[in-house]
Every structure is written in structure tokens, then in C-alpha cells.
Amino acid sequence: TAFYMYGASSSRGRRDMPAYLSQWESIRWSVEQGCRRYDWWGGPDRLVESDPMWGVYRFKTGFGAEWHQRLGGWDSGLVPGALTMYRLLRSSAGA
């Protein structure tokens with residue numbers, strides 16, 4: 001299984017659809033490496049057009065992706081207190 005974890009695009013140059021080519025090449029490369037599954041990882045919580053992730057859902061289903069509701073991603077600290085410290089520092093930095 002190949003995993004597509006994160007991605008981004010902007011409206012600039014969108015009509016040329018560079019994200020489509022990028023995904024197609026990623027899928028093609030994954031198949032060449034022997035992957036039989038491409039996990040798109042992520043999309044709307046509910047299948048309603050008002051969900052902010054609806055455009056992501058449309059993009060991914062355009063490649064044949066199927067929506068499966070799963071538990072979302074979670075942060076986990078490997079060192080006790082490190083995640084809490086990271087979040088405090090990040091919030092104080094305005095991130």
C-alpha cells in the first residue's frame with residue numbers, strides 16, 4: 001500500500017491541473033513498486049457538499065478513490081510531556 005499523506009494546491013494555475021499530473025505519477029510509481037493499493041488518507045467527515053473538505057473528496061474520487069469513514073489522525077507524544085511542551089511553545093509563537 002502506498003499512502004498519500006498530505007498535499008496542497010492553490011488557485012494559481014489550477015486550470016492547468018498540475019495536481020492531477022502529480023497524483024497520476026505518484027499512483028503510477030506506486031504500481032511500479034509493486035503496490036496494489038493507494039490510500040488517499042483524508043477527506044470530509046461527512047459526505048455533504050457543505051463540508052470544507054468536499055473539494056478534496058471530489059478530487060480524489062475523480063481518480064476512483066472510495067470514501068471510507070475512519071477515526072481521524074491523532075498526535076501522540078513519545079516522550080512524556082514533550083507534546084504538551086511543543087503545543088505550548090507553538091501557541092506562544094503564534095503558529
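- Looking at Trp29 and Cys35, their side chains never come closer than 4.5 Å, going by heavy atoms from C-beta outward.
- Within a 6.0 Å radius of CH2 in Trp67, other residues, nucleotides and ligands contribute more than 12 heavy atoms.
- Grouped by direct or indirect side-chain proximity (heavy atoms under 4.5 Å, Ile/Leu/Val/Met/Phe/Trp/Tyr only), Val56 sits with Met53.
- Counting non-hydrogen atoms of neighbouring residues, nucleotides and ligands closer than 6.0 angstrom, the CD atom of Gln33 exceeds 12 such neighbours.
- Under the ring-ring contact (aromatic ring centres under 6.0 Å, His included) criterion, Phe63 pairs with Tyr20, Trp40, Phe59, not counting sequence neighbours.
- Pairs passing the side chain to side chain donor-acceptor pair (under 3.5 Å) check and including a residue from residues 46-65, sequence neighbours excluded, do not occur.
- Interatomic distance, Ser30 OG to Phe3 CZ, rounded to the nearest 0.5 Å: 10.5 Å.
- Screening residues 23-38 for salt bridge (Lys or Arg N to Asp or Glu O under 4.0 Å) gives Glu25-Arg28, Arg28-Glu32, Arg37-Asp39 as the qualifying pairs, with residues at least two apart or on separate chains.
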